[in-house]
Amino acid sequence: MKANIATTRAPMWWVPSLYFAQGLPFAVVMVMAGIMYKRLGIANGDITYWTSLLGLAWVVKPLWSPLLELSGNKKTVVVLFQGLGGLALIGAGLTLRLPGFFVFSVAALALAAMASSSHDVAADGLYIQSLSPREQAVYAGWLGTFWNGGKLFVQGALVVLAGQLEASLGVHAAWSLVLALPGAILCLLALYHWWAVPGAAPAAGTPLSVATVARTTAEVLGSFFRKPGIWLSIVFIVLFRAGEGQVQSIGRLFLIEARGNGGLGMSTADMGLAYGTFASVAFVAGSILGGYFGAWRGLRKSMFLMILAMNAPNLTFCYLSVYLPSGMLEISAILCVEMFGFGFGSTGLVLYMMQVVAPGKYPTAHYALGTGIMQLGLVLSTMVSGKIQLWLGYQHFFIWGVLAAVPVLLLSLFVALPGKEAAARDEAPAAGRAVSA
């Protein structure tokens with residue numbers, strides 16, 4: 001069915017900024033918050049547990065996404081959730097100056113996460129309704145670039161800025177300002193998008209009602225769980241990032257942990273420079289090459305190698321925890337290897353969800369369910385990672401992280417995988433986004 005086009009301004013005026021606004025709060029909540037809490041003296045176990053719980057907002061978003069279809073104008077929903085998310089981040093920044101800041105800031109970040117995940121659904125719907133199929137394909141590259149651009153801005157520029165401000169303002173004041181800054185940016189983007197984003201009306205057809213949405217939701221869920229081999233697919237998706245997810249969550253904390261406690265003792269600015277710029281560029285390069293590799297060999301022949309490529313570089317943290325190098329160049333090079341492998345291998349999971357899980361009557365909804373299950377697997381693995389690290393210590397924990405990849409490697413030999421012929425299946429807007437680092 002042809003998209004309902006209500007665009008009054010060229011997509012270049014709003015598509016890049018819309019998806020930058022989508023990637024920005026996700027990276028703040030899921031990446032920067034862990035670094036921030038480590039610098040504020042919170043224990044690893046509490047950091048990984050509570051920041052992982054925040055990720056549940058992106059797990060459950062497919063369940064309430066049909067309700068957002070009741071909105072007569074997705075522009076209003078987009079602007080509303082951008083503004084709400086921005087205010088929540090500003091509020092979280094202000095709480096860092098209060099006694100008991102951890103509880104208050106986590107609550108504010110939870111509100112930001114719910115606003116962001118709801119914004120994701122509305123933004124994708126707006127993209128589909130406002131652009132023709134040809135335009136959707138043309139701007140898909142911009143979509144992915146600016147979603148990752150929001151993440152790179154947070155991991156790189158904001159973390160480096162925090163490191164520079166720590167010396168002059170103090171840790172709490174520095175992070176209070178840096179956490180509020182993306183909130184202010186979101187509020188400004190909400191004002192801009194009120195002007196720039198088209199007021200796309202719902203597609204022509206049967207008027208939506210709560211009963212209609214409920215029936216459609218039940219049918220979407222029922223058809224999803226009736227897919228042949230779906231339960232094995234769910235286990236496969238949940239386990240896919242079990243090793244990498246744990247290493248990623250603890251790895252950033254290890255980099256800034258004091259050397260006397262077994263870490264590398266990097267400054268906030270140096271870690272932001274290494275992880276948020278060089279390593280993130282390596283991640284993007286790995287993701288692009290992984291996509292070409294999967295298309296060239298087909299998923300059946302490439303999956304085992306892609307899982308291996310994603311998890312074998314976790315050995316780099318084993319090396320770092322044993323030898324504790326201090327040279328910025330050496331550490332950055334090692335992190336680039338780790339992130340390149342992560343980007344290369346994680347593409348396999350995206351392709352698996354598109355080519356195995358999504359096909360059917362409701363490919364967009366089923367892909368969204370697949371990404372929710374992926375996020376659930378990441379939440380479950382990272383929730384316990386802090387406790388395991390405190391029990392094992394950094395060196396043994398990173399060995400554990402490597403071994404945690406063995407189950408999904410074995411399972412890849414049994415799950416149904418398509419060959420090269422499936423590589424050209426229909427692409428959804430979400431295909432432009434790499435798995436979050």
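Positions are given from 1 along the sequence. This one's a predicted model, so the numbers in the text were calculated from it and none came from an experiment.
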Verify the ring-centre separation between [Y] and [X]: is it less than 6.0 angstrom?
{"X": "Trp14", "Y": "Trp195", "value": "no"}
{"X": "Phe317", "Y": "Tyr394", "value": "no"}
{"X": "Phe398", "Y": "Phe254", "value": "yes"}
{"X": "Phe340", "Y": "Phe283", "value": "no"}
{"X": "Phe397", "Y": "Trp391", "value": "no"}
{"X": "Tyr19", "Y": "Phe146", "value": "no"}
{"X": "Trp58", "Y": "Phe26", "value": "yes"}

If we ignore angles and hydrogens, is there a donor and acceptor under 3.5 Å between the side chains of [X] and [Y]?
{"X": "Tyr37", "Y": "Ser105", "value": "yes"}
{"X": "Trp400", "Y": "Gln246", "value": "yes"}
{"X": "Tyr275", "Y": "Ser332", "value": "no"}
{"X": "Glu244", "Y": "Asn311", "value": "no"}
{"X": "Lys38", "Y": "Asn44", "value": "yes"}
{"X": "Gln155", "Y": "Arg252", "value": "yes"}

Show the nearest heavy-atom pair for residues [X] and [Y], with the distance to one decimal.
{"X": "Met303", "Y": "Gly348", "result": "CE-O, 3.4 Å"}
{"X": "Ala27", "Y": "Gly150", "result": "CB-O, 4.4 Å"}
{"X": "Ala112", "Y": "Gly85", "result": "CB-O, 4.2 Å"}
{"X": "Ser249", "Y": "Leu253", "result": "O-CG, 3.6 Å"}
{"X": "Leu264", "Y": "Arg259", "result": "O-NE, 3.1 Å"}
{"X": "Ser176", "Y": "Arg97", "result": "OG-NE, 3.5 Å"}

- request: From the options Val28, Val154, Ile90, select the one residue that forms a side chain to side chain contact (heavy atoms under 4.5 Å, CB included) with Pro182.
  value: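 Only one of Val28, Val154, Ile90 forms a side chain to side chain contact (heavy atoms under 4.5 Å, CB included) with Pro182, namely Val28.
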
- prompt: For Met328 and Met266, what are the C-alpha separation, side-chain angles and deciding distance, and is it a side chain to side chain contact (heavy atoms under 4.5 Å, CB included)?
  reply: CA-CA 9 Å; Met328 181 67 174; Met266 295 181 71; 4.0 Å; yes

Please report the interatomic distance [atom1]([X]) to [atom2]([Y]), rounded to the nearest 0.5 Å.
{"X": "Leu320", "Y": "Leu335", "atom1": "CG", "atom2": "CG", "result": "6.5 Å"}
{"X": "Arg39", "Y": "Thr268", "atom1": "CZ", "atom2": "OG1", "result": "3.5 Å"}
{"X": "Gln389", "Y": "Ile47", "atom1": "CD", "atom2": "CD1", "result": "10.0 Å"}
{"X": "Thr48", "Y": "Leu53", "atom1": "OG1", "atom2": "CG", "result": "10.0 Å"}
{"X": "Ser267", "Y": "Leu273", "atom1": "OG", "atom2": "CG", "result": "9.0 Å"}
{"X": "Leu378", "Y": "Arg241", "atom1": "CG", "atom2": "CZ", "result": "4.5 Å"}

Using a 4.5 Å cut-off on heavy atoms from C-beta on, say whether the side chain of [Y] contacts that of [X].
{"X": "Ile373", "Y": "Val357", "answer": "no"}
{"X": "Ser412", "Y": "Phe236", "answer": "yes"}
{"X": "His193", "Y": "Ser17", "answer": "yes"}
{"X": "Leu181", "Y": "Leu161", "answer": "yes"}
{"X": "Ile250", "Y": "Ile388", "answer": "no"}
{"X": "Leu18", "Y": "Gln82", "answer": "yes"}
{"X": "Ile331", "Y": "Met271", "answer": "no"}
{"X": "Glu330", "Y": "Ile334", "answer": "yes"}

Is there a donor-acceptor contact under 3.5 Å from the side chain of [X] to the main chain of [Y]?
{"X": "Lys75", "Y": "Trp194", "value": "yes"}
{"X": "Thr316", "Y": "Glu338", "value": "no"}
{"X": "Ser118", "Y": "Ala115", "value": "no"}

task: Quick one: do Leu411 and Leu232 satisfy side chain to side chain contact (heavy atoms under 4.5 Å, CB included)? Show the steps, please.
output: CA-CA 9 Å; Leu411 196 57; Leu232 187 62; 3.6 Å; yes

field: Phe101 and His172 aromatic ring geometry - parallel, tilted or perpendicular at 30°/60° bounds
entry: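 Perpendicular.
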
- prompt: For atom CZ of Phe104, is the number of surrounding heavy atoms from other residues, nucleotides or ligands below 6.0 Å larger than 12?
  reply: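 No, because the 6.0 Å sphere around CZ of Phe104 holds 12 heavy atoms or fewer from other groups.
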
task: Under the side chain to side chain contact (heavy atoms under 4.5 Å, CB included) rule, what do Gln22 and Ser116 come out as? Steps first, then yes or no, please.
output: CA-CA 7 Å; Gln22 192 174 114; Ser116 176; 5.8 Å; no

Worked verdict on Thr382 versus Tyr49 for side chain to side chain donor-acceptor pair (under 3.5 Å): CA-CA 7 Å; Thr382 56; Tyr49 180 80; over 6 Å; no

task: Determine, stepwise, if the pair Val59 / Met374 fulfils side chain to side chain contact (heavy atoms under 4.5 Å, CB included).
output: CA-CA 8 Å; Val59 174; Met374 175 194 71; over 6 Å; no

